[in-house]
Amino acid sequence: MSPGPVAPRPAPDVQRPPASASGRTWPLVVAMAAAATLGWLPFVGRDVGPDEGGLLLVAAQWAPGSSVYGDYFVDRPPVLLALVAAAEHLGGLVGLRLLGALAVVACVLLAGLVGRIAAPGTRRGPLMAAGAAAALTATPLFGGTVVDAEILGVPFLLAGTAATLAALTAPDARRAALLGALAGAAAVAAALTKQNLLDAGVLLAALAVTGLLARRGAERLRPLLAGAVAGGLAALVLALVGAAARGTGPVELWRAVVTFRSQAGRVIATADPPSSADRFVVMLVALLASGAPLLLAALAPSLRRAVPLGPDRLDLRWAAAAVLAWECVGVALGGSYWLHYLTGLVPGIVLVAALAARTPPRSPGWRRRALVAAYAGTALSAAVAVGWVGVHPIERSELEVSAWLVDHGRPGDTAVVAFGEPNVLWAAGMSSPYEQLWSLPVRVSDPDLRELAAVLEGPRRPTWLVVAGRSLLTWGVDPDAAEPAVAAHYREVAVVAGYTVLEVRR
């Protein structure tokens with residue numbers, strides 16, 4: 001008797017989830033998002049940071065003016081300023097901090113979605129990906145509790161990653177193209193939040209190279225890439241038109257976002273400030289203490305074999321490696337080595353976790369125990385770091401100057417802080433007639449302080465001049481041109497928290 005027909009075996013990457021899997025998994029993902037947010041909410045009312053204060057100051061007056069963004073210069077793309085402007089209208093600093101907490105929630109939920117798409121039919125995918133995102137977006141070791149460009153841009157990166165993976169598994173080419181358009185738009189939005197957040201674009205490019213080398217990609221990859229190009233161009237045009245409506249043209253944006261960054265890299269490399277080397281060491285220690293390298297080491301054995309996805313069956317390991325490599329380059333090229341740079345590593349780690357979840361659970365017991373220990377260690381590190389910052393809050397002594405200016409100033413007073421610390425101006429409620437609010441743009445665009453001297457000698461000279469220390473001399477700056485203007489038009493009136501406060505002669 002001949003045997004009956006044998007049902008074909010499903011492909012390894014097309015697993016059917018149990019009917020109740022989603023009901024059991026997503027409440028846990030939501031709980032992780034809530035737990036990560038708890039790492040931010042206690043710090044909603046903390047002192048305003050320099051970047052937060054500066055971005056709020058710029059966003060509040062963003063309109064046609066004399067500089068890139070209104071009357072101020074900042075070397076960041078327009079989507080970031082648009083997000084901060086929305087937060088400023090919704091409550092200023094509190095609105096910005098709540099926007100940061102919302103970004104954390106979005107990161108965790110989108111990471112869970114990445115895990116679900118990459119490892120269908122498993123609970124491990126959403127939980128492993130969301131767990132990594134929750135721990136690393138909550139920890140102060142990655143700059144958590146302070147809103148910077150990275151935390152606002154990472155949700156776009158994770159949305160682009162999710163859309164890309166979904167396009168690879170789409171039921172038809174039309175759906176793949178639509179999801180590709182979403183991926184391209186999200187990739188551009190991320191890059192227009194901070195210019196080095198190119199992870200979603202790197203993922204698409206790596207998949208294109210993988211498909212070319214493997215001679216695959218006709219079914220889903222081609223419509224995905226075509227849709228990504230269309231969606232990315234549409235998002236770019238929309239952003240440029242919106243920025244132009246506020247007086248920020250594409251030429252000025254290119255100079256601020258691209259040209260300035262290359263010039264800044266040369267200035268930092270030439271001047272070689274000792275503080276940068278110290279911050280680099282601190283950043284490396286924070287990275288190790290966060291548990292992220294241990295987590296990657298525990299996930300790596302699960303990626304020894306190919307990880308194909310979708311009808312084109314492209315191996316996603318190389319794309320994930322390319323994303324992680326780019327993120328490391330982005331952190332290194334930042335130059336100043338602030339802790340929030342590390343947030344840019346989150347999408348790559350999430351993608352690695354999602355792909356590792358595809359490994360069957362019959363792996364050796366020691367591997368499972370190592371993975372559980374790595375996740376537990378990362379979560380514990382985040383909890384300890386949040387607790388430490390809560391007990392030992394960051395003290396911003398420069399804000400004592402803001403309080404002094406509020407006590408001694410009059411309505412309509414203006415001020416210049418030499419150099420940096422724009423949170424002093426924001427907290428004091430004062431504007432500046434000098435377009436440079438941060439110290440690095442001064443060193444790149446006005447190192448001989450001729451522009452500052454023109455402001456101090458001009459009809460709009462500031463009421464107050466706040467100097468870090470006792471003079472304008474600092475690394476990368478020649479104060480000779482500005483010192484005569486200071487001597488002629490200002491007198492010293494106070495020293496507050498190490499800052500010299502000078503008032504204009506009336």
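When side chains are defined from C-beta on, Pro77 does not count as touching Leu253, because their heavy atoms never get closer than 4.5 Å. By the 4.5 Å heavy-atom criterion applied to side chains, Leu287 and Leu345 are counted as neighbours. Residues Leu425 and Leu437 have side chains in contact (heavy-atom distance under 4.5 Å, counting atoms from C-beta outward). In this structure the side chain of Ile268 reaches within 4.5 angstrom of the side chain of Leu440, judged on heavy atoms. Looking at heavy atoms from C-beta onward, Leu99 lies out of side-chain contact with Val147 at the 4.5 angstrom threshold. The shortest side-chain heavy-atom distance between Phe142 and Ile151 does not fall under the 4.5 Å cut-off. The shortest distance between side-chain heavy atoms of Asn423 and Leu399 falls below 4.5 Å. Taking 4.5 Å as the limit, some side-chain heavy atom of Gln195 sits within range of a side-chain heavy atom of Arg76.
The heavy-atom pair separating Pro140 from Ala382 by the smallest distance is CD-O, 4.3 Å. Scanning all heavy atoms of the two residues, the minimum distance from Ala385 to Thr139 falls at CB-OG1, 3.8 Å. When all heavy atoms are compared, the tightest approach of Gly348 to Glu327 is N-OE2, 2.8 Å. Between Val48 and Arg396 the shortest heavy-atom distance is O-CD, 3.1 Å. Nearest heavy-atom pair across Trp40 and Gly144 is CZ2-CA, 3.7 Å. Minimum heavy-atom separation, Leu110 to Pro155: CD1-O, 3.3 Å.
Residues forming a side-chain contact (heavy atoms from CB on, under 4.5 Å) with Pro64 (at least two apart in sequence, or on another chain): none. In this structure, the side-chain hydrogen bond (donor to acceptor under 3.5 Å, both in side chains) partners of Thr145, at least two apart in sequence or on a different chain, are Arg46. Arg220 meets the side-chain hydrogen bond (donor to acceptor under 3.5 Å, both in side chains) test with no other residue; sequence neighbours excluded. The ring-ring contact (aromatic ring centres under 6.0 Å, His included) test applied to Phe43 returns no partner, not counting sequence neighbours. Applying the ring-ring contact (aromatic ring centres under 6.0 Å, His included) criterion to Trp62, with sequence neighbours excluded, gives Tyr69. Applying the side-chain contact (heavy atoms from CB on, under 4.5 Å) test to Ala205 and every residue at least two apart in sequence or in another chain returns nothing. Under the salt bridge (Lys or Arg N to Asp or Glu O under 4.0 Å) criterion, Arg261 pairs with Asp75, not counting sequence neighbours. Looking at residues two or more places apart in sequence or on another chain, you find a ring-ring contact (aromatic ring centres under 6.0 Å, His included) between Phe260 and Phe73. In this structure, the side-chain contact (heavy atoms from CB on, under 4.5 Å) partners of Val229, at least two apart in sequence or on a different chain, are Leu233. With sequence neighbours excluded, the residues forming a side-chain contact (heavy atoms from CB on, under 4.5 Å) with Ala134 are Met32, Ala36, Val108, listed by chain and number.
In this structure a side-chain-to-backbone donor-acceptor pair under 3.5 Å is present from Arg304 to Pro301. The closest donor-acceptor contact from the side chain of Ser262 to the backbone of Thr259 lies under 3.5 Å. Using a distance-only test at 3.5 Å, with no hydrogens or angles considered, a donor-acceptor pair links the side chain of Arg124 to the main chain of Ala357. Panel note: side chain Ser381, backbone Gly377; no donor-acceptor pair is recorded below 3.5 Å. Looking only at distances, no side-chain donor or acceptor of Ser439 sits under 3.5 Å from a matching main-chain atom of Gly420. In this structure, Arg222 contributes its side chain and Ala173 its backbone to no donor-acceptor pair below 3.5 Å. Using modelled atom types, one side-chain atom of Ser67 and one backbone atom of Tyr72 make a donor-acceptor pair closer than 3.5 Å. Judged by distance alone, with hydrogens and angles left aside, the side-chain atoms of Thr193 form a donor-acceptor pair with the main-chain N or O of Ala189 at under 3.5 Å.
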Apply side-chain contact (heavy atoms from CB on, under 4.5 Å) to the pair Leu136 and Ile349, showing each step before the final yes or no.
CA-CA 9 Å; Leu136 297 178; Ile349 296 173; 3.6 Å; yes

Are Asp148 and Lys194 close enough, and set up right, to give a side-chain contact (heavy atoms from CB on, under 4.5 Å), and what steps lead you there?
CA-CA 10 Å; Asp148 276 292; Lys194 191 179 180 189; over 6 Å; no

For Val352 and Leu295, what are the C-alpha separation, side-chain angles and deciding distance, and is it a side-chain contact (heavy atoms from CB on, under 4.5 Å)?
CA-CA 10 Å; Val352 169; Leu295 182 58; over 6 Å; no

The test is side-chain contact (heavy atoms from CB on, under 4.5 Å); show your working for Phe156 and Val79 and say whether it passes.
CA-CA 11 Å; Phe156 292 121; Val79 169; 4.3 Å; yes

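To the nearest 0.5 Å, atom CG of residue Leu299 and atom CG of residue Leu303 are 7.0 Å apart. We find the CG-CG distance between Leu179 and Leu165 to be 10.5 Å, quoted to the nearest 0.5 Å. The OG atom of Ser431 sits 8.5 Å away from atom CD of Gln61, with the distance rounded to the nearest 0.5 Å. Note: Thr248 OG1 to Leu240 CG = 10.5 Å, rounded to the nearest 0.5 Å. Here the straight-line distance linking atom CD of Glu398 with atom CG of Asp47 works out to 8.0 Å at 0.5 Å rounding. For the atom pair NE2 of His340 and CD of Glu150, the computed distance is 5.5 Å after rounding to the nearest 0.5 Å.
For residues 231-251, there are no salt bridge (charged side-chain N to carboxylate O under 4.0 Å, His left out) pairs, not counting sequence neighbours. Sorted by first and then second residue, the pairs that involve residues 85-112 and meet salt bridge (charged side-chain N to carboxylate O under 4.0 Å, His left out), not counting sequence neighbours, are Glu52-Arg97.
At a cut-off of 3.5 Å, with distance as the only test, no side-chain donor of Trp338 or Asp51 sits close to an acceptor on the other residue.
Among Val105, Thr37, Val350, Val104, the one residue that satisfies the side-chain contact (heavy atoms from CB on, under 4.5 Å) test with Thr137 is Val104.
Arg317 has a carboxylate O that lies under 4.0 Å from a charged side-chain N of Asp315, or vice versa, which qualifies the two as a salt bridge.
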